[in-house]
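Working notes, beginning with the structure itself.
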Amino acid sequence: MFMMFQASEPIEVFIGEFAILGLALFIVWRIVVWVREAPVRPDPWDAEVGNQLAGPDAVEVCPHCLTEQPSTAWFCQKCGSAVGPYNNLMPYVQVFSEGEVFRNGASGRFRNRPLVLTGFVLIALSSSLAFAPVILFFLLANWERRGGGTKQVGDSEHR
Ligand SMILES: [Zn+2]
């Protein structure tokens, strides 16, 4: 095992293991410090808006086109986006949510962030080996069309 010192083990191996353990503990400590010292972002809205959202007269809207939705809707009548509360959990309907993610990456707008692009690449690679090159081609073409690595105009409105 990792920490057990065996008599047959040379002292250099023990020192090496001890150094690796120390390095791992240092990395974990640096991650904890990094998370604790991260700047706190202000709430996007105050308590009044939060209460209005939880109120009985609040209506559900499509996150894509902001059209008002009945609470029983699975898909937006106007744009076809998946709007049901359990769309990401239901085995059959989940396919449409995933398709929407692929569509947004290939032809829609998405946040121009390295983490978002990495997520699109990973989800494309995890989809299927046959379609991954096609998805990646359209994803990178869309990314290039939207300005590549440069920050796009109106990017801050999606924060
Ligand atoms: Zn819609």
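Read the numbers this way: they start at 1 and go in the same order the structure lists the ligands and their atoms. Just so you know, residue 1 is the first one in the sequence shown, and it goes up from there. If you're wondering where the values come from, they're calculated on a predicted model, not measured in any experiment.
Legend: protein N/O/S atoms lying under 2.8 Å from the Zn ion (ligand 1), waters omitted, number 4.
Sorted by first and then second residue, the ring pair (Phe, Tyr, Trp, His ring centres under 6.0 Å) pairs involving residues 112-140 (not counting sequence neighbours) are F110-F120.
Between the side chain of E37 and the backbone N or O of V35, no donor-acceptor pair lies under 3.5 Å.
Closest heavy-atom contact between P70 and E60: O-OE1, 4.4 Å.
Side-chain contact, N88 with S97: a donor N or O sits under 3.5 Å from an acceptor N or O.
Enclosure of atom CG in L129 is not indicated, since only 12 or fewer non-hydrogen atoms of other residues, nucleotides or ligands lie within 6.0 angstrom.
I123 and F96 are members of different hydrophobic clusters when ILVMFWY side chains are connected at heavy-atom separations under 4.5 Å.
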